[in-house]
Amino acid sequence: MINFADMDYLSTLNAEQLAAVKNTEGPTMVIAGAGSGKTRVLTYRIAHLIRNGIDAFNILALTFTNKAAREMKNRIGQIIGDSEAKNVTMGTFHSVFARILRNHSQKLGYPSNFTIYDTQDSKSLLKAIIKELNLDDKTYKPALVYGRISSAKNNLISAAGYEANTDIIAEDRMSAKPRLFEIYKAYEKRCFMAGAMDFDDLLFKTNVLLRDHPDVLHYYQHKFKYILVDEYQDTNYSQYLIVKKLAAVYMNLCVVGDDAQSIYSFRGANIENILNFKNDYPDYKVFKLEQNYRSTKNIVEAANSVIAKNKDQIQKTVWTDNVEGNRIKVVRTLTDNEEGKVVTNLIYETKQNEQANNSDFAILYRTNAQSRSFEEALRKINLPYKIYGGLSFYQRKEIKDLIAYFRLAANPNDEEALKRVINYPKRGIGESSFEKVIIAANHYAVSLWDVISKPGEYPTDIPSGAMNKISAFVTTIESYQVQLNKIDAFELAQTISKSSGILKELYDDKSPEGVSRYENIQALLAGIKEFTENVGENEVGYLSDFMIDVALLTDADNEKDENKDKISLMTIHASKGLEFPFVYVVGLEENLFPSQMALHSRPELEEERRLFYVALTRAEKQATLTYATSRYRYGNVITSEPSRFIEEIDEMHLEVANPTRGSGVSLNQYGLERRINKTKEPLFTTRKNLKKIVTENDEVNEITPSDLTDIKVGYNVKHERYGKGKVVGLEGTPPMKATVFFPQVGNKQLLLKFAKLEILD
DNA sequence: CTTGCAATGACTGAT
DNA sequence: TCATTGCAAG
């Protein structure tokens with residue numbers, strides 16, 4: 001390993017990078033193109049601060065993943081020494097502020113052992129609430145409700161604020177979901193009763209904490225004299241405001257990002273945060289890193305030609321001094337299975353020709369479900385691979401089940417954990433009894449645990465047989481609780497896994513899946529053992545410490561050495577920040593990439609395009625794009641057409657390499673026959689049967705809103721999103737609400753006050 | 001209360 | 001295709 005400590009680290013930076021590193025005081029924005037050495041700038045900037053006498057304790061660095069934080073900390077440690085580096089507060093927004101919240105949770109009425117609900121927990125709770133309110137779960141789909149609540153929270157709108165917001169209420173009424181606010185209210189209350197925060201709460205409650213407790217705000221404002229935020233383009237309003245508040249005193253705020261790589265608007269990310277930086281900090285300095293050190297000219301220029309199609313962006317010119325390199329390969333296959341084989345063969349071939357390692361290759365796709373055909377093909381020719389994302393270790397059922405017992409030991413009010421294990425393993429406490437517990441808890445306005453642990457105080461009409469079983473369960477959990485801070489995490493975890501019956505339940509299942517579940521439990525226990533052994537001397541690692549951010553861990557966080565030389569398979573979202581010599585972007589088909597969900601508006605389509613930009617710019621030496629003309633979806637075959645994104649690449653950077661087919665036994669050795677661009681065959685089939693919902697230029701459904709005071713039933717109208725339609729019903733005098741039939745989407749209720757409609761006749 | 005089978009609907013993306 | 005849900009019978 002290189003010893004950076006002896007090296008003049010600043011000499012390895014280019015002029016612009018160096019300027020960004022040295023401008024330590026005052027608001028700073030770094031616009032960093034793909035592959036421009038952004039991480040180096042962040043790393044060296046922090047090292048530089050510490051070298052110049054700033055206490056590491058006073059530095060806060062917010063990264064996009066915990067893995068990125070760990071790696072950066074290691075690199076800083078190499079420059080200035082680990083003992084200093086470890087004092088920097090570094091991590092994701094969620095993990096940093098979860099820890100801060102634990103220190104102050106009583107101020108918000110939460111226990112310090114509050115539970116963090118993951119997405120599954122949140123949706124499960126919402127589902128229960130929807131049922132309790134007697135609402136139809138087809139209209140109020142938990143996933144949709146979750147999204148709605150999530151985006152409210154990310155914009156710092158509480159349940160009360162939601163109910164009071166006339167725009168939102170009107171919107172919900174228009175989309176025929178007028179009772180969303182009730183669900184939100186119940187959800188908020190139930191989370192609180194359970195001592196639980198969901199992912200969005202970690203940011204929301206941090207805002208509340210900083211808003212309502214000036215002493216706390218003051219403390220952190222002065223602790224974090226220097227603040228750095230990576231991937232600033234992907235922060236949402238809630239995160240933006242936390243940063244703004246913390247930086248308000250010293251204003252030593254450095255944000256780093258690239259608007260062209262903003263791909264998380266579905267999570268509430270707001271590009272505006274980057275665009276508005278100059279408004280919040282008028283005397284800011286901006287540095288643009290435009291030289292790409294990662295990729296060949298072909299890749300950089302191809303990516304530039306694609307992103308140029310977006311309207312919303314900060315002007316910059318990414319360029320490179322690197323070699324020209326190969327053109328981008330485009331490969332068509334007949335089916336998704338063939339796509340798997342062809343990509344696998346190409347990897348095999350490249351590996352031989354270039355003497356490359358498995359870890360030099362990545363297969364990137366739009367959706368997790370696409371991984372299957374590649375896994376099968378790779379397994380067939382024995383190439384080792386690793387899938388990132390998808391179901392992470394901590395989301396497996398058996399792991400969540402055992403962790404649910406841990407959660408109950410730490411916080412018995414945790415409703416979702418209770419629901420999971422009150423009858424697992426089976427102990428005769430069925431659904432009807434559990435429902436009675438919920439009804440009682442709502443009635444007495446206490447937690448579920450209060451009801452079952454104090455039956456004398458909160459009588460229910462649960463039959464005595466079931467009640468006895470419940471009491472036995474309560475006693476079991478209580479016995480775990482008393483041990484929580486007495487014995488170490490491993491001992492307690494072992495006790496729980498045995499006495500809860502989980503270990504036996506899985507041990508008795510001799511099916512291959514059962515065996516693997518048992519092994520997973522053992523792996524979790526081994527992980528906990530490791531945890532207890534690694535806490536400092538004279539300290540005990542308790543289970544509650546281990547639990548602190550289990551909910552925030554992802555696969556990338558517990559990468560093991562055994563995954564070293566493997567081909568990486570992941571979604572493009574998961575590939576952000578990574579780089580590989582050889583990248584295969586697969587499934588480049590209309591309605592898949594760009595996703596059909598994103599065809600409704602220009603901003604959504606532009607985000608898909610940025611996603612494609614991210615995919616391309618992961619590649620160092622060679623990028624290959626593939627698409628299949630048919631693929632399986634929901635078990636049936638659908639035909640598909642090549643993605644518009646392929647066509648958007650300047651043709652001079654493309655090379656088309658299509659496999660032959662037909663009666664052929666042997667396609668050539670690699671299943672490929674090469675053609676240069678000058679082929680007679682049209683590169684891409686025309687797209688005339690593509691539904692023109694909205695094309696890229698938003699002119700198509702552009703409308704001139706008409707005066708709607710004398711709108712009549714039967715009028716033909718045009719809506720900017722739904723296109724042409726006919727008025728089939730009106731309510732109120734003068735008309736307030738119209739029912740309009742749109743051929744594409746069916747009947748829609750529109751409030752005339754808000755809906756922009758053009759009357760066509 | 002549990003089990004087993006038939007019917008159903010889901011595929012963006014992830015802290 | 002796969003996982004979850006609903007329903008009938010034990």
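Just so you know, these numbers use all the heavy atoms, side chains as well, and skip hydrogens, waters and symmetry mates. Lettering of chains follows the sequences in order, A, B, ..., and the numbering in each one begins at 1.
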What is the separation between atom CE on A:Met570 and atom P on B:dA14, rounded to the nearest whole Å? 11 Å

Is a side-chain donor or acceptor of A:Glu188 paired with a backbone partner of A:Ala159 at a separation under 3.5 angstrom? yes

Between A:Glu431 and A:Tyr264, name the one whose nearest nucleotide on DNA chain B is closer to the 5' end. A:Glu431

For A:Thr571 and B:dA14, is the shortest distance between a side-chain N/O and OP1 or OP2 below 4.0 Å? yes

Given B:dC1, B:dG9, B:dT15, the nucleotide with the shortest approach to the side chain of A:Ser433: B:dC1

Under 4.0 Å between any heavy atoms, over every strand shown, what does A:Arg633 touch: base, sugar-phosphate, or nothing? Just pick one. base

Measure from the side chain of A:Phe266, starting at C-beta and using heavy atoms only, and say which of B:dG9, B:dA14, B:dT15 lies closest. B:dA14

Please determine if a side-chain N or O atom of A:Asn368 lies less than 4.0 Å away from the OP1 or OP2 oxygen of B:dA14. yes

Tell me what A:Asn423 touches on the nucleic acid: a base, only sugar-phosphate, or nothing, going by heavy atoms under 4.0 Å. sugar-phosphate

Respond yes when some side-chain nitrogen or oxygen of A:Lys426 is under 4.0 Å from OP1 or OP2 of B:dT3, and no when none is. yes

Distance, nearest 0.5 Å, that separates OH of A:Tyr237 from CD1 of A:Ile242: 11.5 Å

Here the distance between atom P of B:dG13 and atom CZ of A:Arg610, to the nearest Å, is 18 Å

Once you measure the plane-to-plane angle for A:Phe114 and A:Tyr110, does it fall in the parallel (<30°), tilted (30-60°) or perpendicular (>60°) bin? perpendicular

Is the shortest heavy-atom distance from the side chain of A:Phe393 to the side chain of A:Leu524 under 4.5 Å? yes

Taking only side-chain N and O atoms of A:Thr119, does any of them lie within less than 4.0 angstrom of OP1 or OP2 on B:dA14? no

Closest to the side chain of A:Phe199, out of B:dA10, B:dG13, B:dT15, is B:dT15

Between B:dT15, B:dG13, B:dG9, which one does the side chain of A:Glu607 approach most closely? B:dG13

Starting at CD1 of A:Ile638 and ending at P of C:dT1, how long is that distance when rounded to a whole Å? 15 Å

Note: for A:Leu203 and A:Lys469 on DNA chain B, the residue whose nearest nucleotide lies more 5' is A:Lys469

Distance-only donor-acceptor check, side chains A:Glu604 and A:Ser601, under 3.5 Å: yes

Considering only side-chain heavy atoms of A:Tyr634, which listed nucleotide, B:dC11, B:dG9, B:dT15, is closest? B:dC11

Provide, to the nearest angstrom, the distance between the NZ atom belonging to A:Lys205 and the C1' atom belonging to B:dT15. 18 Å

Round to the nearest Å and state the distance from A:Lys397 atom NZ to C:dA3 atom P. 14 Å

Does a side-chain N-to-carboxylate-O contact under 4.0 Å join A:Arg420 and A:Asp401? yes

Value in whole Å for how far the P atom of B:dT15 lies from NZ of A:Lys67: 12 Å

Would you kindly give the NE2-to-P distance between A:His94 and B:dA14, to the nearest whole Å? 14 Å

Proximity to the side chain of A:Ser432 - top-ranked nucleotide from B:dG9, B:dC1, B:dT15: B:dC1

Without decimals, in angstroms, what is the distance between A:His573 NE2 and B:dT15 C1'? 13 Å

